[in-house]
Every structure is written in structure tokens, then in C-alpha cells.
Amino acid sequence: MGTAVALIVILVLLIGGAVWWYQYRAAAKQRDLDDAKAEARRWVERLGGQVLNLIGTNEAAKQALADASERHNAAGSQMEQADTPEKCRLTTQTALEGLYYVRAARVAMDMDPGPELPDLVGQRGAGAVTEYREVDVEGQHQVASPHPTEQTPHYYPGGRVAGRPVPRGWYSEPWWKPALVAGAWGFGSFMLMGALFGGMAGVPAAAASPEEFPEGDAGDMGDGGDMGGDGGDMGDMGGGDMGGGGFDLGGFDIGGF
């Protein structure tokens with residue numbers, strides 16, 4: 001009899017412990033989700049305030065603010081669907097990318113860029129354009145510059161696109177967007193990157209090296225990248241559904257690329 005009672009007590013304790021552990025884990029997960037949501041919402045709201053309060057005074061600033069506005073819309077859409085900490089962090093990356101575009105717009109208007117921002121995923125390893133360079137590839141004239149100019153109104157904050165680093169800088173055309181949408185680079189884009197970045201200080205060799213492509217059709221390469229992240233997001237920078245938001249390429253024409 002005493003043995004049976006002892007077994008029942010042990011069983012009750014085990015069941016009680018399991019229930020307590022389940023509830024503890026569920027509460028911890030909910031706290032993680034709530035914290036991640038609060039963090040994401042903070043950056044989304046900060047981006048929204050900047051987009052509403054700034055008006056571009058030149059082409060580079062206008063383009064950067066248009067990109068920031070797109071990032072804000074995408075982040076807002078992601079925020080509505082963020083039901084896991086991972087999705088919240090993706091939303092945070094999208095909002096941060098928008099804030100980098102805001103900083104670029106402020107720089108283009110000779111304004112204080114504001115406080116430093118956390119790094120985007122893959123941004124530091126992508127390097128940065130450090131010199132003005134003009135190239136002609138497959139009949140397309142392309143320019144890269146470390147600073148906004150009349151010839152380079154399109155800014156990119158730096159990161160990986162379709163598995164390949166794209167350096168931070170100002171460009172004459174947003175030639176990386178097709179790869180961002182499709183998740184793969186065409187061979188023409190590879191040739192362009194080699195011409196733009198080959199031998200440039202501050203740019204990793206992977207941004208221009210042909211060894212990064214397997215033999216055969218370079219257009220078959222790519223896994224979506226991690227922009228800023230992850231090509232499935234940060235983000236939301238493609239013409240398709242890239243993590244909840246959309247990117248309208250409009251009449252963008254990359255020509256031979």
C-alpha cells in the first residue's frame with residue numbers, strides 16, 4: 001500500500017513538473033515574441049516619422065526617400081504578419097534598411113545624417129565603393145561613386161543579393177534589383193560587377209571575382225541572398241512577395257543585364 005502511494009505521489013509530481021515546464025516555456029516564448037515585436041515596431045515607427053518629415057530637394061535625395069518609403073510599406077506589411085521572433089527580426093531589418101536610405105537622402109541634401117544605425121545582415125562583409133568609376137558593359141554605361149552625384153542618384157546600403165556581395169555606394173542604375181527579385185544573377189550582371197569593382201579598394205574580391213560563379217550559365221546561380229538581408233526580405237525588395245512586402249520595379253529597364 002505504501003509503495004502504491006509513493007508511486008502515485010511521484011507520478012503526480014512528474015505530471016506537475018511537466019505542466020510547469022510547459023507553461024514556463026510557453027511564457028518565455030511569448031516574452032521573446034513580445035520583445036521582438038516591440039523592437040520591430042520601434043524601428044518601423046522611427047522610419048515612418050523620417051519618411052513623413054523629409055522632402056527630397058534633389059534627384060538623389062528623392063530617389064533615396066522613395067526607396068525608404070517602399071521599405072516602410074514593406075516593414076508595415078511584415079509587422080502585421082509577424083507572429084514569430086524570426087519574422088519580427090526580419091521586419092526590423094527591413095525598417096533598418098529604410099533608415100539607411102533616409103540617411104543617404106540626408107547626406108545627398110548636405111544634412112546631418114543622424115545617429116549611427118546597427119549593421120544590416122551582410123552589410124559589413126559587402127564593403128563599400130571607394131572611388132568614382134565609369135564603365136561600359138554590353139552597350140550599357142554604368143557609374144559607381146562613394147558619394148551622390150548627378151550621375152549616381154541610386155543608393156544601396158550594402159549587403160548580399162542572391163548570395164553575392166553588393167557594396168554600399170551610389171550608382172547610376174539599380175542594377176542589383178533583377179537579381180533581388182529573381183534570386184539569381186545573369187551573366188551580364190556578373191560582367192558589370194567585374195568591371196565596376198575589379199581592383200577597387202574597400203570592395204571584397206567576391207563582388208567581382210569570376211571564381212564565385214560555377215562553370216556554365218552564371219544566371220543559374222543564387223539562393224535568394226540575405227540582404228537586409230535575406231532575399232526573402234530584408235528584404236521585401238523584390239517585385240514579388242519577398243517576406244510580406246512588395247517592391248514595384250515599375251518601368252525599370254536594366255537593358256542587357
Side-chain angles (χ1 to χ4, degrees), residues 63-64 66-71 73-75 77-78 81 86-87 90-91 93-94 97-98 100-101 120-123 125-127 129 135 137-144 153-197 203-204 206-257:
Q63 183 61 54
D67 290 334
S69 179
E70 185 279 329
R71 298 287 80 206
N73 291 337
S77 177
Q78 289 176 324
Q81 304 174 47
E86 290 74 19
K87 290 181 179 180
L90 197 64
T91 302
Q93 283 290 302
T94 302
E97 186 177 352
Y100 271 97
Y101 282 113
L120 297 171
V121 173
Q123 183 183 44
V129 176
V135 299
V137 178
E138 293 190 339
Q140 297 288 321
H141 185 71
Q142 301 287 343
V143 186
H154 296 276
Y155 177 75
Y156 188 68
R160 296 187 72 86
V161 177
R164 196 172 179 87
V166 176
R168 180 179 74 252
W170 294 84
Y171 300 92
S172 54
E173 296 289 343
W175 46 265
W176 56 89
K177 286 183 180 178
L180 199 58
V181 176
W185 292 99
F187 189 67
S189 296
F190 156 67
M191 293 175 64
L192 169 63
M193 295 175 78
L196 275 179
F197 306 128
V203 173
S209 173
E211 284 76 13
E212 290 299 304
F213 285 97
E215 292 184 5
D217 183 8
D220 292 336
M221 172 121 179
D223 60 1
D226 64 351
M227 165 73 355
D230 176 44
D233 165 26
M234 316 163 355
D236 285 320
M237 293 177 59
D241 181 10
M242 305 282 283
F247 197 111
D248 183 8
L249 290 178
F252 174 70
D253 180 10
I254 198 64
F257 300 104

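What you see is a predicted model, and the numbers here were worked out from it, not measured in a lab.
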* Asked: Just how far is it from atom CG of Asn73 to atom OG1 of Thr94, taken to the nearest 0.5 Å?
  -> 11.5 Å
* Asked: Taking side chain as C-beta onward, heavy atoms only, is Leu90 less than 4.5 Å from Gln78?
  -> yes
* Spatial distance of atom NZ (Lys177) from atom OG (Ser189) [nearest 0.5 Å] -> 14.0 Å
* Identify, with sequence neighbours excluded, every residue that meets side chain to side chain contact (heavy atoms under 4.5 Å, CB included) alongside Ala126. => Pro165
* Structure fact -> In terms of heavy-atom contacts, Ala208 and Met193 come closest through CB-O, 3.6 Å
* Sidechain-backbone polar pair: Trp185 side chain, Val161 backbone, donor-acceptor under 3.5 Å -> yes
* Asked: Do Tyr100 and Arg71 have side-chain heavy atoms sitting under 4.5 Å apart?
  -> no
* Quick one: side chain to side chain donor-acceptor pair (under 3.5 Å) partners of Ser172, sequence neighbours excluded? -> Gln142
* **Member of Tyr101, Trp175, Trp170 meeting the side chain to side chain contact (heavy atoms under 4.5 Å, CB included) criterion with Tyr156** => Tyr101
* To do: State, with a plain yes or no, whether a side-chain heavy atom of Gln140 is found less than 4.5 Å away from one of Glu173.
  => no
* **Nearest-0.5 Å distance that lies between atom OH in Tyr171 and atom CD in Gln63** => 14.5 Å
* Structure fact -> In terms of heavy-atom contacts, Phe197 and Val129 come closest through CE2-CG2, 4.0 Å
